[in-house]
Amino acid sequence: MNGMIPKKIKGFRDIDPELNELRRSVVKKAGEVYELYGFRHWDTPVLEYAENLGKYLPDKETVAEGVYSFRNPETEPVYKDDGSELRDDSDFVVMDNHHIAMRYDLTAPLARMYAEELFMQSQKGQLTTKNAPLFKRYQYGPVYRFEAKLDPGRFREFWQLDFDTVGTADVSADAESCMILSDALETIGLDRNSYLVKVNNRKILSGFLETIGISGAENEGNVLRIIDKIDKIGVEGISYELGRGRKDSSGALIPGLGLDPTIAKKIGGYFEQFTEEKSRSEIIENLSSLNSGNEKFTEGLDELIKIDNILQASGYDEKRVLFSPAIVRGLGYYTGPVYEVESLLTFTDSKGNLRKVGSICGGGRYDGLVERLLGIKVPAAGASIGVDRLCELLVLSGNANVKMDAPVLIAVFDDELMGEYQKMAAELRNAGVSTEIYYGAERGLKKQLGYADKMNSPVCLLLGSDEFEKGIVTVRDLKLGNELSDSITNKDEWKQRVQKEVPRNELVSVIKQLLHH
RNA sequence: GCCGUCGUAGCUCAGUUGGUUAGAGCGUCUGACUGUGGCUCAGAAGGCCAUAGGUUCGAAUCCUAUCGGCGGUACCA
């Protein structure tokens, strides 16, 4: 040992076969839905230059907050904005060990991939917002965040399953995002009543705040961050936090934003109207009546109306997609419609409390993300399923029904017969039956059957010299044995029922029959 | 990060106001059953009571720090 006991890093997990299977089925089913909408599967690397990933660079004050990053062991040229190599006074190319970071989502790498492809064109001025190519892709895989607090379903390494459309400003793409999320979740196996896609528009929020005198990215962000908590602390709670602050249930003091009470009241009053669920048309009506002619607000509202029209035309009612004017989404980069999916499934925790995991998908429109890398505004929209959180939820709520086929186990009695064991195994595998020969060191039959039991093997094959000479195989139906084990009375009789001798040349067909019942 | 709370066998937990040798159930292993798991019976192993200090004649129990879990809060591209 080198000063470290074997253990995994906090927030990282070993994935067992059952969870792997569940995750695989989630990704497969949702991916097929994405493909139905014309998205193609791409992958990008886990590591990226930190500069490309966003503003989260080490060595700045935002340091490593939330990201895993380090220096590239290899030195490479430093580039200027126009893509040419930076040179020092002696005209040598400036080399550096660039900062490298593990991706914290799949959207930033998408922006990099898109921007990388078009960089030269953009430098030559051949690329404009107008002719930026349309690009649709979906992608899944692990992303990494250096989270301080790890809730159930929240990890430092976790999978996301994204789809994005780059190169369109049409909010039809946003409407489609909501439809896709709904379709995907239902294909994965969620009931229509067990989730809700909720939609809002940042332009409406921003416009509203502007009308009451809150503008500028920082002020807006501060307020939005508090509004985002409305689900948790209610309208009253956010009023306090906007103003003087409040004390929470644990007695901790939460500092307020210190806004003028009349402004805080206006904000509270606005959201008060949306605390109960309303139909999309009611919300549109409601928002229209609140519209004082602010440009952003009007634009956002028009987009929402368009989204509603598309959803209606496509047959997505309020059971699937709702408008929810208090949805903010934490991410700073959203510029228009935002959406998230709330799971309504519940589970009981170890203390017997009924719990939810909350949001399982999120997305929205981010018209500025590619611009940061390319200098040209390229509109984009997309969404992501939090695969691991969803899997956790499916397991906890008892909705994870993946079937795992375990292999037939061939018990080993005699090394001399190993050739025969291999031959049986090959025959079964050729017939598509997954088969395993017991290679454990301890060969007591108890051990071997115990292993088969643990692996959940449906069948165990016993072949010793007796059977070999007689040209038979003893086939033990472990699955049937398990079913009968409750009613076991007479051991010998029970053994007779679950075990039979099968002629060697009929083995494959008998096993296939056994497995299919 | 901050506040609170908890930490006793592999797991779930008992453990009296500080008092001798720290318990149970489940699981594991062994045997009854030398080629037959689950049922049954008999037995065994397994603990520096999270770690490190301190208080005390005496600490699983009280105090402090650290680490880990949980809850809340903050942050979340």
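- Relative ring orientation between A/Y34 and A/Y138 is described as perpendicular, the plane-to-plane angle rising above 60° on a 0-90° scale split at 30° and 60°.
- A/R103 has its CZ atom 23 Å from the P atom of B/C76, to the nearest Å.
- Comparing the same atom, C1', in B/U16 and in B/U30 gives a spacing of 37 Å after rounding to whole Å.
- Rounded to the nearest Å, the gap between the P atom of B/G1 and that of B/A45 is 43 Å.
- Comparing the P positions of B/G46 and B/G54 gives a spacing of 30 Å, expressed to the nearest Å.
- Rounded to whole Å, the distance from CZ on A/R112 to C1' on B/A77 is 17 Å.
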Are there any protein N/O atoms within less than 3.5 Å of an N/O atom in nucleotides 32-35 of chain B, and if so, which ones and at what distance?
from, atom 1, to, atom 2, distance (Å)
B/G35, O6, A/E467, OE1, 3.2
B/G35, N1, A/E467, OE1, 2.8
B/G35, N1, A/E467, OE2, 3.1
B/G35, N2, A/E467, OE2, 2.7

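- The distance from atom CG of A/L110 to atom P of B/A77 is 18 Å, rounded to the nearest whole Å.
- Heavy-atom distances to RNA chain B give each of A/Y333 and A/E241 a nearest nucleotide, and the one nearer the 5′ end belongs to A/E241.
- Residues A/Q499 and A/T474 bring no donor and acceptor atom of their side chains to less than 3.5 Å of each other.
- Between the P atoms of B/A50 and B/A9, the separation comes to 8 Å (whole Å).
- Of the charged side-chain nitrogens involved, none lies within less than 4.0 Å of a carboxylate oxygen, so that A/R329 and A/D228 do not count as a salt-bridged pair.
- Distance noted for atom C1' between B/U20 and B/A65: 31 Å (whole Å).
- Across all strands shown, A/K10 has heavy atoms under 4.0 Å from sugar-phosphate atoms exclusively, and none from any base.
- Side-chain proximity of A/L449 to the nucleotides B/G37, B/C76, B/C29 is greatest for B/G37.
- Using bins of under 30°, 30° to 60° and over 60° for the plane-to-plane angle, the ring pair A/F135/A/W42 lands in the perpendicular bin.
- Within the structure, the salt bridge (charged side-chain N to carboxylate O under 4.0 Å, His left out) test picks out no pair touching residues 456-477 of chain A (sequence neighbours left out).
- The base of B/C76 lies close enough to the side chain of A/R154 for a donor and an acceptor atom to sit less than 3.5 Å apart.
- The salt bridge (charged side-chain N to carboxylate O under 4.0 Å, His left out) test applied to A/E342 returns A/K198, A/K356, not counting sequence neighbours.
- B/G68 and B/C62 have their C1' atoms separated by 22 Å, with the value rounded to a whole Å.
- Under the salt bridge (charged side-chain N to carboxylate O under 4.0 Å, His left out) criterion, the residue pairs touching residues 503-517 of chain A are A/E420-A/R504, A/E427-A/R504, with sequence neighbours excluded.
- What separates NZ of A/K454 from P of B/C29 is a distance of 6 Å, to the nearest Å.
- Taking side-chain N and O atoms only, A/K232 has no distance below 4.0 Å to OP1 or OP2 of B/G72.
- A donor-acceptor contact under 3.5 angstrom links the side chains of A/E76 and A/Y49, judged on distance only.
- RNA chain B contains the following stems of three or more consecutive Watson-Crick or G-U pairs, with both distances under 3.5 Å: B:1-7 with B:67-73, B:10-13 with B:23-26, B:28-32 with B:40-44, B:50-54 with B:62-66.
- B/A77 atom P lies 19 Å from atom CD of A/E371, rounded to whole Å.
- Look at CZ on A/R389: it is 15 Å from P on B/C76, rounded to the nearest Å.
- Taking the salt bridge (charged side-chain N to carboxylate O under 4.0 Å, His left out) definition, one finds that A/E236 meets it with nothing, sequence neighbours left out.
- Per the geometry, CG belonging to A/D414 stands 17 Å off C1' belonging to B/U36, to the nearest Å.
- Using C1' as the reference atom, B/U55 and B/C63 are 7 Å apart when rounded to the nearest Å.
- On the P atoms, B/C11 is 15 Å away from B/G27, given to the nearest whole Å.
- Following rounding to the nearest Å, A/Y68 (OH) and B/C76 (C1') show an atom-to-atom distance of 14 Å.
- Of the charged side-chain nitrogens involved, none lies within less than 4.0 Å of a carboxylate oxygen, so that A/D367 and A/R202 do not count as a salt-bridged pair.
- The shortest heavy-atom contact between A/G368 and A/T335 is N-CG2, 4.3 Å.
- Here A/R476 lies in heavy-atom contact (under 4.0 Å) with a base.
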